[in-house]
Amino acid sequence: MATTKELSVEEKLRALYDLQIIDTRIDEIRNVRGELPLEVEDLEDEVAGLTTRLEKLQSDLVSIEDSIKSKKTAIDNHHLAIKKYAEQQKDVRNNREFNALTKEVEFQELEIQLAEKQIKELKASTEHKKEVVANSKDKLEQKTTHLKHKKAELSDIMSETEKEETFLTQKSTEFEGLIEERLLAAYTRIRSSVRNGLAVVSIERGASAGSFFTIPPQIQVEIAARKKIITDEHSGRILVDAALADEEKEKMDKIFAKM
């Protein structure tokens with residue numbers, strides 16, 4: 001930090017404007033990507049959700065099929081029991097035994113009816129779930145295809161800009177190191193509070209860049225003198241004169257050309 005304290009106001013202004021040029025270029029790169037990374041993330045979540053849902057539905061179908069098989073086995077056992085009780089009725093010694101066996105037969109028949117009803121309901125559930133599975137598969141296929149295209153699109157953009165963004169991010173850190181902590185904090189605060197991220201702007205036609213508010217001539221003279229940090233009373237942005245801005249743009253263009 002000892003080195004930054006030795007900087008003159010003009011050197012601080014130049015470092016700030018250089019940092020602004022770098023950060024603006026990073027913003028432009030990220031704006032090209034726009035909402036694409038978030039779109040990819042949302043699609044990945046949708047695909048994961050649909051995959052989990054599909055797995056659950058298919059697991060449910062297997063369980064239903066197992067239940068149907070179990071009910072059919074139970075029906076077969078009930079029929080065997082009825083047959084057994086019918087045979088036993090032939091050898092009964094009194095009405096009490098006959099009636100008891102008859103009740104057993106009736107109970108087995110009721111169990112068969114109940115099982116058949118449950119099988120019918122399970123089959124209806126199977127048909128419904130199969131429709132849901134088919135729809136889910138179609139939706140999953142569409143979302144997966146869409147995700148593939150979006151990932152390819154993002155990958156193309158990333159491959160075109162990743163090297164430049166890495167270089168610029170390193171430069172941004174490098175230039176931040178030239179600026180004293182208090183001034184850097186002010187720059188970061190202003191940058192986060194304005195829509196276009198411009199915390200340091202030059203004077204253009206008597207007004208700060210992007211503003212219609214004229215800066216008084218005396219203030220313009222003070223800005224050109226580069227003896228103190230001056231901010232725009234309307235936007236809060238740090239102001240530099242046009243000549244300094246042009247010089248720094250030219251310097252930064254030479255640095256960017258090395259990428």
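We count residues from 1, following the sequence as given.
Under the rule for a side chain to side chain contact (heavy atoms under 4.5 Å, CB included), the partners of S172 that lie at least two apart in sequence or sit in another chain are L19, I22, D23, I26, E176. Taking the ring pair (Phe, Tyr, Trp, His ring centres under 6.0 Å) definition, one finds that F213 meets it with H234, sequence neighbours left out. Residues that satisfy the side chain to side chain contact (heavy atoms under 4.5 Å, CB included) test with R53, not counting sequence neighbours, are L57, V132, S136. Applying the ring pair (Phe, Tyr, Trp, His ring centres under 6.0 Å) rule to H149 yields no partners; only residues at least two apart in sequence or on another chain are considered. Partners of S63 by side chain to side chain contact (heavy atoms under 4.5 Å, CB included), not counting sequence neighbours: none found. A search for salt bridge (charged side-chain N to carboxylate O under 4.0 Å, His left out) contacts involving E153 returns K150, not counting sequence neighbours.
Under the 3.5 Å distance criterion, with hydrogens and angles disregarded, no donor-acceptor pair is assigned to the side chains of E106 and T102.
Taking a cutoff of 4.0 Å between a charged side-chain nitrogen and a carboxylate oxygen, E65 and K69 do not qualify as a salt bridge. A salt bridge links R14 with E10; the closest basic N to acidic carboxylate O contact falls under 4.0 Å. Ion pair D60/K56 flagged as a salt bridge, since at least one NZ, NE, NH1 or NH2 atom sits closer than 4.0 Å to an Asp/Glu carboxylate oxygen. Taking 4.0 Å as the cut-off between side-chain N and carboxylate O, D232 and R237 do not count as a salt-bridged pair. One finds a salt bridge joining E44 and K151 here, because a Lys/Arg side-chain nitrogen approaches an Asp/Glu carboxylate oxygen to under 4.0 Å. Using a cut-off of 4.0 Å between Lys/Arg side-chain N and Asp/Glu carboxylate O, E165 and R33 are scored as salt-bridged. Remark: K71 does not engage E116 in a salt bridge, criterion side-chain N to carboxylate O under 4.0 Å. Checked for salt-bridge contact, R25 and E164 meet the test: a charged N lies under 4.0 Å from a carboxylate O.
The OG1 atom of T144 sits 4.0 Å away from the CG atom of L140 when rounded to the nearest 0.5 Å. Q108 contributes atom CD, which lies 12.0 Å from atom CD1 of I75 (distance to the nearest 0.5 angstrom). To the nearest 0.5 Å, atoms CD (E104) and NZ (K84) are separated by 8.0 Å. Residue L54 holds its CG atom at 11.5 Å from OG of S59, rounded to the nearest 0.5 Å.
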Exercise. Check the pair L184, E180 against side chain to side chain contact (heavy atoms under 4.5 Å, CB included), reporting the backbone distance first and the verdict last.
Key: CA-CA 6 Å; L184 182 61; E180 63 189 72; over 6 Å; no

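The main-chain N or O of S8 is found under 3.5 Å from a side-chain atom of E11 such that the two form a donor-acceptor pair.
A side-chain contact (heavy atoms from CB on, under 4.5 Å) with Q20 is found for one member of L16, T24, D18 and no other, namely T24.
Minimum heavy-atom separation, L122 to S67: CD1-CB, 3.8 Å.
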